[in-house]
Protein chains: 2
Amino acid sequence: MSDSDGPGDLTRGMRLLWRAVGGSRRGPKPGLDVDTVVRAAIAIADSDGLAGLSMRKVADHLGVGTMSLYTYVPAKAELVSLMLDAVDAEGALPHTVPGSWRARTEAWATEDWAVYHRHPWTLQASSRHPLGPHTLRRFDSALRCLAVTGLPEDELVATVDVIDNYTRGMARRSLEAVELERRTGVSERQWWAGHEPLLETYVTAAEFPEVRRVWAAGAFHGDLDSFAYGLARILDGVERRLGEAG
Amino acid sequence: MSDSDGPGDLTRGMRLLWRAVGGSRRGPKPGLDVDTVVRAAIAIADSDGLAGLSMRKVADHLGVGTMSLYTYVPAKAELVSLMLDAVDAEGALPHTVPGSWRARTEAWATEDWAVYHRHPWTLQASSRHPLGPHTLRRFDSALRCLAVTGLPEDELVATVDVIDNYTRGMARRSLEAVELERRTGVSERQWWAGHEPLLETYVTAAEFPEVRRVWAAGAFHGDLDSFAYGLARILDGVERRLGEAG
DNA sequence: GACAACATCGTACGATGTACCGAGTTTGGG
DNA sequence: CCCAAACTCGGTACATCGTACGATGTTGTC
């Protein structure tokens, strides 16, 4: 993760994201287009992660020279911005789900959770990328999920932030195990089995009493769906707020 | 962020983190030690970010050859693991704060928020690093903040996860603006002013009705402390759960 | 005093993003 | 119809990165 995957000139990236780029007239017909490059890059990131994404790999995948990519994309940072926005073009928008605001919000969070598992690299990308049209459309849809609650506008935005951050964070945790297995071939169960003696030694009840207590109670191996549990708590909190306001 | 900042051999990194490294007898006295290297690395990351952290810079800062660092640290990934754990050694543990569980939890979240602002690079590091003793001690302390609620152990862990993820996510958002200004010299207010015409053009009421509505209501420029607001909603949700259980 | 174990670090290698420039291709304006 | 402008393509080159390797020097133990 790094730092340098942030966009350079924001306005330049913005115009590309919003497809406000002047179509050229003269010169040879381009053999590729931005979307093709972005699709190829996403395919590579899906299988190799963000660190495995290099301009050379994308170019090879497309059968062109590395530097030809720079005809379509000003730099890697902008490419990643485009990738992030392209991912948000997938799938249905949550506000169209029938039922209560709570049902819609749960559908939205669950769908996002699935997207993060389909494209784990989205969680590795820094969040300093400019908003593209598809990302903003999803944000609009999320706001609409909660609009019927009648919450004031600033609280609405803050509530969407809570749910969004929670979903990202839990997906990140869940993906750690998956990524660990992909890279080392060690499953989570095997990892715990292999490290249990080490943990028993260092994680003493004297120094970490509460950790030992919940560990002994099986809190780390239980079958509580902690994503759904946490989401339910958050939505309970929102509901209570609705009651307060009237 | 990348991908390659994940640790290689987990057991090797673990032993270093937990300081289970055999002290050597023979040979010249080491001129440095692990903690000195880690402190220097943290100082650089604080000012230059994770991407600005290179082994060469750390070595220069310490007045030694680049490769000498590898005497103390097996690779950069393990160095970052050590840095993350070292940061968690700072400050008081939240469970010692007097008052209700709610007051303690708020203190804990606020303290973490401050840590993220003191060391923004901790949010850029991937979360695939092994847990060190200080990080685990903070986790233990967080569990203790909520233990008096009487929640079942698995729900306790899930609740800590909710709050932790929320805090990280909001800190990340807050730091975007800070980092943007640091790198480009453009303040958030200036950025909005500069992009307002562009936004007015592309973010149409037809395509993004709800975004336009909350924008017009000033939801993005208001002075709602959205971090505190979201935290209050989450803790409300926890309280309601306590009522349900008995 | 010899030898094993260690610290130090110069050199070198393979990646990476991308600046630069030359060469080839298309097309609008005269 | 022609040619210069505007463009695509991509090879080469450079700076920067993590780090493997091995030579050289230093220290503690027998």
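Model, not experiment: these values are computed from the prediction. Letters A, B, ... mirror the listed sequences (proteins, then strands); counts begin at 1.
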Does B:M67 or A:P30 map to a spot on DNA chain D nearer the 5' end, using the closest nucleotide for each? A:P30
For the side chain of B:K29, starting at C-beta, report the closest nucleotide among C:dT16, D:dG28, C:dT18. D:dG28
Would you mind checking if B:D35 and B:R19 are paired as a salt bridge, meaning a charged N to carboxylate O distance below 4.0 Å? yes
Looking at B:R137 and A:E210, is any side-chain nitrogen of the basic one under 4.0 Å from a carboxylate oxygen of the acidic one? no
So what does B:T71 touch, heavy atoms closer than 4.0 Å: a base, only the sugar-phosphate, or nothing? base
Which value, rounded to the nearest 0.5 Å, describes the distance between B:I44 atom CD1 and B:L62 atom CG? 7.5 Å
Does any part of the side chain of A:V115, heavy atoms only, come nearer than 4.5 Å to the side chain of A:V87, both counted from C-beta? yes
Find which nucleotide of DNA chain C each of B:G63 and B:P28 is nearest to by heavy atoms, and output the residue with the more 5' nucleotide. B:P28
Does A:Y70 put a side-chain nitrogen or oxygen below 4.0 Å from OP1 or OP2 of D:dT8? no
Under 4.0 Å, counting only non-hydrogen atoms across every strand here, what does A:A75 touch: a base, just sugar-phosphate, or nothing? sugar-phosphate
NA contact type, B:G27, heavy-atom cut-off 4.0 Å: base, sugar-phosphate, or nothing? base
When all nucleic acid strands are considered with a 4.0 Å heavy-atom cut-off, which category describes B:S68: base, sugar-phosphate, or nothing? base
When we call it a touch if two heavy atoms are under 4.0 Å apart, what does A:L79 touch: a base, just sugar-phosphate, or nothing? nothing
